[in-house]
Amino acid sequence: MTNLPSNKITVLCGGVGAAKLLTGLVTVTDSSEVTAVVNIADDTTFHGLHISPDLDTVTYTLAGEINPATGWGLKDEGWKAMEMVRRYGGIDWFQLGDRDLGTHLYRTQRLSEGASLQEVTEEITRAWNLSVTILPASNDPIKTVVTTDLGEEIGFQDYFVRLSHDVTVSDIRFEGIHNAKPSLGILEKIQEADAVIIAPSNPIVSIAPILEIPGIREALQDQRGRVTAISGIVGGRALKGPADRLLQELGYEPSVVGVARLYRDISSTLVIDEVDIDDKQRVEQEGIECVVTNTIMSNPKAAAALCQTVLNLGS
Ligand code: FO1
C-alpha cells in the first residue's frame with residue numbers, strides 16, 4: 001500500500017446530504033484524516049433530553065445504522081417508549097425510537113455532569129468505532145429560530161417536523177450564535193486542511209449556522225482556494241427538505257446561482273449538477289469557479305464518484 005499523500009479533509013455538514021457525502025468520502029480517502037464539522041443549531045430538548053439531530057444523523061450513517069427510510073434515527077427501531085408517552089398525552093410529533101433514546105439519555109446525562117458536547121460526541125463516536133472525527137460546530141447553545149410570515153417565532157423542529165415546514169418563512173435567526181465559540185480544534189482543522197468541503201446541505205439552516213459562528217467564516221476565507229462547495233440545490237429544487245423555498249422566501253435566488261452568491265466569499269469552487277449545466281456561466285460570473293458533474297448521491301458509488309471529483313480539483 002503506497003503511503004497516500006496526507007489528505008486532511010474537513011467537511012462542513014448538516015444532516016442527510018452531508019451524511020451521504022461522508023459515506024462516499026470514506027471510501028476514496030483515509031477516513032482517519034476526515035473531520036466532519038456538524039451543525040448544532042437544530043438541537044433541541046424533548047422530554048428533558050438534549051437531542052442533536054445532525055450529529056446523530058452523521059454518526060448513525062457512518063456507523064451504517066441509520067434508518068434508510070427516513071434518513072434520521074436508527075434502523076431496527078422499536079417505538080414502545082413513544083407509545084407510553086402518547087398514552088399520557090405527551091409530545092409525540094417528534095418520533096424518538098427506543099434505541100435512539102439511548103443516545104439522548106447518555107448525551108443528556110454526560111452534559112449534566114459538565115461534559116462538553118464535543119467530549120460527549122467523541123465518546124459516542126468512539127462507541128461506534130468511527131475513524132472519522134465528528135465535531136459539533138460549537139459547544140455553546142445555538143438555536144435556529146424561524147419567524148413565519150404571520151410574525152410568529154417558532155423553533156426549528158416545530159418548523160421542520162411539527163409543521164412539516166409547510167409555512168412561509170419571513171426571517172431566520174440563530175439565537176446565541178454571536179457568543180458561540182467554535183469547538184476546540186475546529187479553526188485548526190480548517191486552517192490545516194488540504195481540502196475543505198461544504199456538503200450539499202441546506203445553505204440557510206444547516207451551513208449558515210456554522211459559518212456565522214465567530215471566527216469560522218474568516219478561517220474559511222483565508223483557505224478559500226482549498227474550499228469546494230457542493231450545491232444542495234439541483235434544478236432549482238432541494239433534493240430533500242425546504243432549502244429551495246427558504247432561499248426564495250428569504251430573498252435569494254433558488255438556484256445554483258443563488259448558492260454561488262452565498263458561498264463565493266469562502267469557496268473558490270462550486271460543484272453543480274449536470275441538470276444545471278446551462279447556469280455554469282452565470283455561476284462563474286458570480287466570481288466562483290464552477291464544476292459540473294453528477295451530484296445526485298443515489299447510491300454510495302455515486303457519492304464516492306462525487307467525492308473523487310472534488311478531491312481531484314485540489315490535486
Ligand atoms: N424528522 C421528522 O421529519 N420527523 C421526526 O419525527 C423526526 C424525529 C427525529 C428524531 C431524532 C433525530 O435525530 C432526528 C429526527 N428528525 C425527525 C429529523 C430532524 O428533524 C432533523 O433535524 C432534520 O433531519 C433536519 O436536519
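Each ligand, and each atom within it, is numbered from 1 in the order the structure gives.
For ligand 1, the atoms sitting less than 4.0 Å from at least one non-hydrogen atom of Gln157 are 19 (C), 20 (O), 22 (O), numbered in the order shown with element in parentheses. Under a 4.0 Å criterion applied to the non-hydrogen atoms of Asp100, ligand 1 contributes the atoms 11 (C). Here is the list of ligand 1 atoms found below 4.0 Å of a heavy atom in Trp93: 6 (O).
The nearest pair of heavy atoms linking Asp56 to Arg107 is OD1-NH2, 2.7 Å.
Ion pair Glu286/Arg264 flagged as a salt bridge, since at least one NZ, NE, NH1 or NH2 atom sits closer than 4.0 Å to an Asp/Glu carboxylate oxygen. Between Asp140 and Lys181, at least one side-chain N (NZ, or NE/NH1/NH2) sits under 4.0 Å from a carboxylate O, which counts as a salt bridge.
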Would you please test Trp93 and Phe46 for ring pair (Phe, Tyr, Trp, His ring centres under 6.0 Å) and show each step?
-> CA-CA 11 Å; Trp93 51 266; Phe46 283 111; 5.2 Å; yes

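Checked by atom type, the side-chain pair Gln248/Asp244 shows no donor-acceptor distance below 3.5 Å. Looking only at atom types and distance, the side chain of Glu253 has a donor-acceptor partner in the side chain of Ser255 under 3.5 Å away.
Closest to atom 21 (C) of ligand 1 among all protein heavy atoms lies Pro53 CB, 3.7 Å. Closest to atom 3 (O) of ligand 1, if we only count protein heavy atoms, is Val161 CG2, 3.8 Å. Here the protein heavy atom with the shortest distance to atom 17 (C) of ligand 1 is Trp72 CE2, 3.4 Å. For atom 24 (O) of ligand 1, the closest heavy atom belonging to the protein is Phe160 CE2, 3.9 Å.
Ligand 1 has a nitrogen or oxygen under 3.5 angstrom from a nitrogen or oxygen of Gln95. Backbone and side-chain nitrogen or oxygen atoms of Asp42 are examined, and one is located within less than 3.5 angstrom of a nitrogen or oxygen of ligand 1.
With His50 as reference, Asp43 is the one residue of Thr108, Asp43, Thr45 to meet the side chain to side chain donor-acceptor pair (under 3.5 Å) rule.
Contacts between Thr70 and ligand 1, counted as non-hydrogen atom pairs separated by less than 4.0 Å, are absent for every part of the residue. For Asp54, every heavy-atom contact with ligand 1 shorter than 4.0 Å involves the side chain, none the backbone.
The environment of CZ in Arg237 is sparse: at most 12 heavy-atom neighbours from other residues, nucleotides or ligands sit within 6.0 Å.
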